[in-house]
Amino acid sequence: MQDTTQLGLDPHNWPDFRTHAHELLDHVLDFQQNQRDRPAWQAVPPEVEALAEQAVPLEGLGDVAVMREMVQHVLPYPPGHAHPRFWGWVCGTGTPIGMLADLVAAGMNASAGTFNEAPTRIENQVIRWMLELFDFPSGASGILTSGASMANVIGLAVGRDAILGHSQSQAGLAGLPKALVYASDQVHSSVDKAMNLLGLGRQNLRKIPTDSDYRISLEALKAAITQDRANGYRPLALVGNAGTVNTGAIDDLEGLAAIAQAENLWFHVDGAIGGLAVLSPNLKTRFSGMEKADSIAFDFHKWMYVPYEAGCVIVRHGDLHRQSFQTAASYLEAIPRGIAAVEDPANIRGPQLSRGFKALKVWAQMRSYGTQMLGQLMEQNVADVAYLAQKIQASVQLELLAPATLNIVCFRFVSTQLTETQLDDLNKEILMRLQESGIAVPSSTRIRGHFALRVANTNHRTRREDFDVLLAETLNLGNQLLMEQTQQPVGA
Ligand SMILES: *Cc1c(COP(=O)(O)O)cnc(C)c1O
């Protein structure tokens, strides 16, 4: 006889729960399979707004009712990342096998990396694979993170401690000469945040000018370091871009590695966008010098199409990596046998203790597709972007705003009838209408001050025809807006 006075959270009726759970899975699979038939984005309707306004639920509705709510009111309204015509920001598309791996990971409720368990083995294997793919030496280490933002924080934390030494990590930065980090003016905003989080200060990130291809100027960098040393400051680290967020530009990583070596600086690479191009032997050659980095941050959830969240940082010197995060807590002491028998727990390689089992979806995806095919898919993304750039260049009404060397294109609609300010406004309107109509989702940026439509292709579902649709619609909207504007009476 079941004791009904005891509370618990498992279903009251397992067979009923199971039936509804299978239905829910079918809804999610339908959603995945039919991406192309849906709008690339749709605004959240009023009933979802209303649901999201509801107060703290004192009494539960029951699991079946909540399953229904999730399917009806949450599942249909994603940002659109999985759609074949979504190219905004740098967003991965996810995969059905990755989704199932997350289901298994959640079902196990595993906290990975800390215990003697299968998840720790899988995560360590993924890290070993990465060290091999990125040509890091033995003795190197790594850890899976929520994304490249956190991977940048960890890489730079290890660099700060390695360069400034033990007394800094114990006593803090007070009283030390101002420590400086160098990167190009295209560096991602997560590095600004890292400066703040690490106590280094945002204004101590020196943003060095870039050349016409948006790559860091090595001459300007060297001059800045020399000047800063003369002023009594302490140059600490260089951050190289393996694909900038604006245009996909790849810094001269060989050149940066040489400067870091000569100046005794930590060399960190932000490879959130391009790092995983090491999966393609053809693309990898463009990132020469990356293998000389002291630490590299990259994202599985961008160009490896893994569902959110999954990033990684690898560190050349594993001992330095562990020094930054090692603590002596009696309740975390390693025990020779049993669950706590873990040689190299993840919590001594990063700030988190409890961690999700992100490695499983990375592992499942790598095992099911193989690195060769994933690399070929990245090459396809690059080739399709070159196709798009070439079509833009061939149109008198479109302007390519930056070289499209990797998987990113920045362009705009142009007309000699309009001023620069009017062009900015018109292109912003095109962007909003493209998104609101659900036709396609580019995002925006500014290129040398000009408002740009920006397409980042980390989408395994995109076909070339999708780019034809984008261009046709951009021209359509541009001409329509141009007509509306020029037909308006003067001064209106
Ligand atoms: C996206 C991105 C980041 C931040 O990565 P998250 O995974 O979003 O935390 C850092 N650097 C670059 C170049 C990026 O594109």
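All figures in this text were calculated on a predicted structure; none of them were measured in a lab. Atoms within each ligand, like the ligands themselves, are counted from 1 in listed order.
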S.K.: Short N/O distance, under 3.5 Å, between K302 and ligand 1?
M.R.: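 N/O-N/O distance below 3.5 Å exists for this pair.
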S.K.: Do the rings of H301 and Y308 sit parallel, tilted or perpendicular, given the 30° and 60° boundaries?
M.R.: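 Ring orientation, 0 to 90° scale: tilted.
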S.K.: Can you sort out which atoms of ligand 1 are near A148, meaning under 4.0 Å from one of its heavy atoms?
M.R.: 3 (C), 4 (C), 5 (O), 6 (P), 7 (O), 9 (O), 10 (C)
S.K.: Applying a heavy-atom cut-off of 4.0 Å, say which part of M150 lies close to ligand 1: side chain, backbone, both or neither.
M.R.: neither
S.K.: Nearest protein heavy atom to atom 13 (C) of ligand 1, by residue and atom, and its distance?
M.R.: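 Closest protein heavy atom to atom 13 (C) of ligand 1: D270 OD2, 3.5 Å.
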S.K.: Can you check whether M195's main-chain N or O pairs, donor with acceptor, with R202's side chain at less than 3.5 Å?
M.R.: no
S.K.: Using heavy-atom distances, let me know which of A272, G275, A456 sits nearest atom 12 (C) of ligand 1.
M.R.: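 Selected option, by shortest heavy-atom distance: A272.
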S.K.: Among all protein heavy atoms, pick out the one at the shortest distance from atom 7 (O) of ligand 1; state its residue, atom name and that distance to 0.1 Å.
M.R.: D299 OD2, 2.6 Å
S.K.: Restricting to side chain to side chain contact (heavy atoms under 4.5 Å, CB included), what partner residues turn up for Q326, sequence neighbours left out?
M.R.: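 Q326 satisfies side chain to side chain contact (heavy atoms under 4.5 Å, CB included) with R322, I348 once adjacent residues are dropped.
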S.K.: Kindly write out the residues that satisfy side-chain hydrogen bond (donor to acceptor under 3.5 Å, both in side chains) with H73, not counting sequence neighbours, or none if the list is empty.
M.R.: none
S.K.: Does R412 make a cation-pi contact with F451, if we ask for NZ or CZ under 6.0 Å from the ring centre and within 45° of the axis?
M.R.: no
S.K.: What atoms in ligand 1 come closer than 4.0 Å to a heavy atom of S190?
M.R.: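 What qualifies from ligand 1 is 10 (C).
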S.K.: For ligand 1, does E309 get within less than 4.0 Å through its side chain, its backbone, both, or neither, judged by non-hydrogen atoms?
M.R.: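 Contact part for E309 vs ligand 1: neither.
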S.K.: Would one find an N or O of H301, backbone or side chain, under 3.5 Å from an N or O of ligand 1?
M.R.: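 So ligand 1 has an N or O lying under 3.5 Å from an N or O of H301.
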S.K.: What is the closest protein heavy atom to atom 9 (O) of ligand 1, and at what distance does it sit?
M.R.: S149 OG, 2.6 Å
S.K.: Any chance the side chains of Q168 and D161 put a donor and an acceptor closer than 3.5 Å?
M.R.: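 Side-chain D/A pair, Q168 to D161: present.
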S.K.: Does the Lys NZ or Arg CZ of R349 fall within the cation-pi geometry relative to F325 - under 6.0 Å from the ring centre and within 45° of the axis?
M.R.: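 The answer is no; the distance or angle limit is not met.
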